[in-house]
Number of protein chains: 4
Amino acid sequence: MNPETRPPRWQRRAEARPQEVLEAALAVFVERGYASARLDEVARRAGVAKATLYLYYANKLELFKAVVRHALVDNLDEVARLQAAAGARPGREQLTFLLHAFMRRVAGSPLSGIPKLVMAEAGNFPELARFYHDEVIARGRAIICGTLARGIAAGEFRAVDVDYAWRVVIGPALLAIIWKHSFLAFEDRGMDFERHLAVHLDMLFNGLAAPDQKGTRDEP
Amino acid sequence: MNPETRPPRWQRRAEARPQEVLEAALAVFVERGYASARLDEVARRAGVAKATLYLYYANKLELFKAVVRHALVDNLDEVARLQAAAGARPGREQLTFLLHAFMRRVAGSPLSGIPKLVMAEAGNFPELARFYHDEVIARGRAIICGTLARGIAAGEFRAVDVDYAWRVVIGPALLAIIWKHSFLAFEDRGMDFERHLAVHLDMLFNGLAAPDQKGTRDEP
Amino acid sequence: MNPETRPPRWQRRAEARPQEVLEAALAVFVERGYASARLDEVARRAGVAKATLYLYYANKLELFKAVVRHALVDNLDEVARLQAAAGARPGREQLTFLLHAFMRRVAGSPLSGIPKLVMAEAGNFPELARFYHDEVIARGRAIICGTLARGIAAGEFRAVDVDYAWRVVIGPALLAIIWKHSFLAFEDRGMDFERHLAVHLDMLFNGLAAPDQKGTRDEP
Amino acid sequence: MNPETRPPRWQRRAEARPQEVLEAALAVFVERGYASARLDEVARRAGVAKATLYLYYANKLELFKAVVRHALVDNLDEVARLQAAAGARPGREQLTFLLHAFMRRVAGSPLSGIPKLVMAEAGNFPELARFYHDEVIARGRAIICGTLARGIAAGEFRAVDVDYAWRVVIGPALLAIIWKHSFLAFEDRGMDFERHLAVHLDMLFNGLAAPDQKGTRDEP
DNA sequence: TATGAATGAGAATTCATTCAT
DNA sequence: AATGAATGAATTCTCATTCAT
């Protein structure tokens, strides 16, 4: 009866809403995949009614695109930051720095949802995949390849085939992202990102072979 | 009128059916993703009625499990058996054998869709993810870890932390699968799986660091 | 900053608003029908916010009623004008005049929307239909019947059954209204209202039968 | 518990179903209008589940088209066939036959709801209106125009402008349909379709003008 | 008075699953 | 064993209506 006791049914939050919706949607899309993501749940997590989503995004696909676009910006920013930071260091130190940064700022943050999402949905959304490939992957690749090339030039690294080596370098780090979003919950012992990175770096630089085994090449 | 002259509308092929269904289902699941895969289409491709699927598999999830089991578990077991039978020397030879087998039998075949698929749908179907984790990942992990452990015991490999090293070993190979299904179409120069594996193995065993740089650890 | 220099975002036009809303609503109801008419569109065409409609009309149904009531007045006025003008003329000239006036002032004007709307929605709104029947149709019918009766009395018209003939007289003219609002857009050659009326009048007075065929009655 | 006491959840009625659905749908569409018609109710009246409708018709619009096609196109074809088979003399006899058939088979049957319905929804569903125009109106028009043309050629009819005369011919018959669905309930004396048709035919052939008035043309 | 923002109550449509044959 | 037919339980999207400003 007393209107004071009844909380308002909703608040006007026109500026904040779209942002909140995007964040909720990112989480749901990452967890569920595009097809299985329920707009009901997006709305619930964003704290709005389902119909409210349609005030800002025309339909599920548009919402999805907006999520990716928005999150891509963050990924791009991160890449740019890595690029700048990578600048002037020599090969090994620089590569260590890059992988550290990637693990901490991408794999270990909500940003990791985007690579996972794009990888998962690339087959269904080629346009999205192309954009991600051209804008994010190409830049990341350039950074890694540049670092490798400089390291080789400086005599720090062996003369590997850079065009393929870059995927070997980033592979275990991307696997960490996939693990985080897919299977971590089922691991008995969890997974320590720091430890994973340490082992990765050690093996990356020093190889698996015992010292006296080095030099036995696998290629003719 | 005469039932003898009229060919039967369907053949009894109880033995062949499940196999055909599994193949159709694999294709559809890989193309569409689990959630978007239509049993209608699986049935159509298998050349049976939708209801017939239920004679062999209790529901969609069970069908998916059967697909995975058929496609990967059997393969993994086979790989383990082959590896044992090959009489390869522990360590480098075994690991090379293993990764070759993986790249040829999984990454380079239609089966490669399965890991990508599971990764994409894991958040949505924990039961599915758990099944995959327990049945496929656990076995693959056991095989790799065993190989690593034997290599270390034999003095061929350095004493890395096997519990983490196994992901570093398989990471680049899994990345090849992801690339194949997500971004390969957008690469200018394509991607040669053989070359990828060669570089991977070289780096895996010998490390990136130039020989005179070895021993410089990244961790204190 | 100075509120004086900033023009108000909206004008207070309390008197004009309802009128504008009614006109917009009429157009939308005629185009879409009651059920499919969107209040969003009514508001847009009226240049107000959707919520503003509720300041004047309690809900969609009340708005609809108001539209019809308001537009009926114009229809009634028109009928009254026809009635007065029809006054003293003999049958044929008078009927020609009436149909001319109807085609020009109703069929050929926005007023035509109301008959179309009422015909379309009569089944769903019996109250509306009754009102229209009693107030508009009954008067129009009286005018036509009176004209026919006078024409017969004057020996200009044959002694047709006036109670049925009036619908035959007005039928083609109403069909023109229906055509205008329903199918005209799909006619290759369009439809010339003047020509339609001319043919109508010719056939109405002179009949279709060739002169030497006249007298062959269709009724025993 | 006793399976005998539990009635089967449904029957297989593959041949009868579509027909039953069409009849239920016709009734609902006519009563409610296209937009307000609920597929729920169509299903309920047809005695099937809502999803069953989609076994036979892809969506609401297709169901509606099927209703119209079934209800009218078949009838028109029948009319045309009857007309041809009747071996009536060109001109008056044929046209009389035609209008009789229309009044009996369309205006006097549940089919009469369709023209009224299409007219009401034409603005909202241009595709629907175009379909109706092309499939129904065009055929009806062709039949009438052909009959008129043959009558003129045979010297039974005056040389009217057939492109406009056809609407004058059918106008009063269509008005009967509209009356039936809109205002008949409010007429004191009801409306006798037979009488309406008789007066219509009489006026159509012989005109309203008294015999000695004939020849006074309304057009220069 | 006017409105942008928000929502609840549906509606059409889809699809894994089940039934009767 | 096999299937065509049927359905119930979602899920996306719409829109008249209401609220807070």
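Every value quoted in this text rests on a predicted model; they were computed, and no experiment measured them. Each chain gets a letter, A, B and so on, in the order its sequence line appears, and its residues count up from 1.
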Is there a side chain to side chain contact (heavy atoms under 4.5 Å, CB included) between A:Leu26 and A:Ile114 once you walk through the steps?
-> CA-CA 8 Å; A:Leu26 173 59; A:Ile114 283 295; 3.7 Å; yes
| B:Tyr132 and A:Phe183: CA distance, side-chain angles, deciding distance, side chain to side chain contact (heavy atoms under 4.5 Å, CB included) verdict | CA-CA 9 Å; B:Tyr132 188 82; A:Phe183 306 116; 3.8 Å; yes
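Contacts of D:Arg38 classified as salt bridge (charged side-chain N to carboxylate O under 4.0 Å, His left out), with partners at least two apart in sequence or in another chain: none. Among residues two or more places apart in sequence or in another chain, the salt bridge (charged side-chain N to carboxylate O under 4.0 Å, His left out) test is passed with A:Glu41 by A:Arg32, A:Arg44, A:Arg45. For A:Ala25, the side-chain contact (heavy atoms from CB on, under 4.5 Å) test picks out A:Phe29, A:Val42, A:Leu63, A:Val67, with sequence neighbours left out. Taking the side-chain contact (heavy atoms from CB on, under 4.5 Å) definition, one finds that B:Lys65 meets it with B:Leu61, B:Glu62, B:Arg69, B:Glu127, B:Phe131, sequence neighbours left out. Take A:Lys60 and apply the salt bridge (charged side-chain N to carboxylate O under 4.0 Å, His left out) test, not counting sequence neighbours, and it matches no residue. Shown here are the side-chain contact (heavy atoms from CB on, under 4.5 Å) partners of D:His181, two or more places apart in sequence or in another chain: D:Val30, D:Ser112, D:Lys116, D:Ile177. For the side-chain contact (heavy atoms from CB on, under 4.5 Å) test, residues two or more places apart in sequence or in another chain that qualify with A:Glu121 are A:Tyr34, A:Phe64, A:Leu117, A:Asn124, A:Phe125.
Remark: C:Tyr56 is not in phosphate contact with E:dT1, judged by side-chain N or O atoms under 4.0 Å from OP1 or OP2.
Using modelled atom types, no side-chain atom of C:Ser182 and backbone atom of D:Ala122 make a donor-acceptor pair closer than 3.5 Å.
Residues from residues 58-66 of chain C lying near DNA chain F, meaning a heavy-atom separation below 4.0 Å, are C:Asn59, C:Lys60 in numerical order. Residues from residues 32-55 of chain D with heavy atoms under 4.0 angstrom of DNA chain F, sorted by number: D:Val48, D:Ala49, D:Ala51, D:Thr52, D:Leu55.
Looking at DNA chain E, the stems built from 3 or more consecutive Watson-Crick or G-U wobble pairs, each pair with its key distances under 3.5 Å, are E:2-21 with F:2-21.
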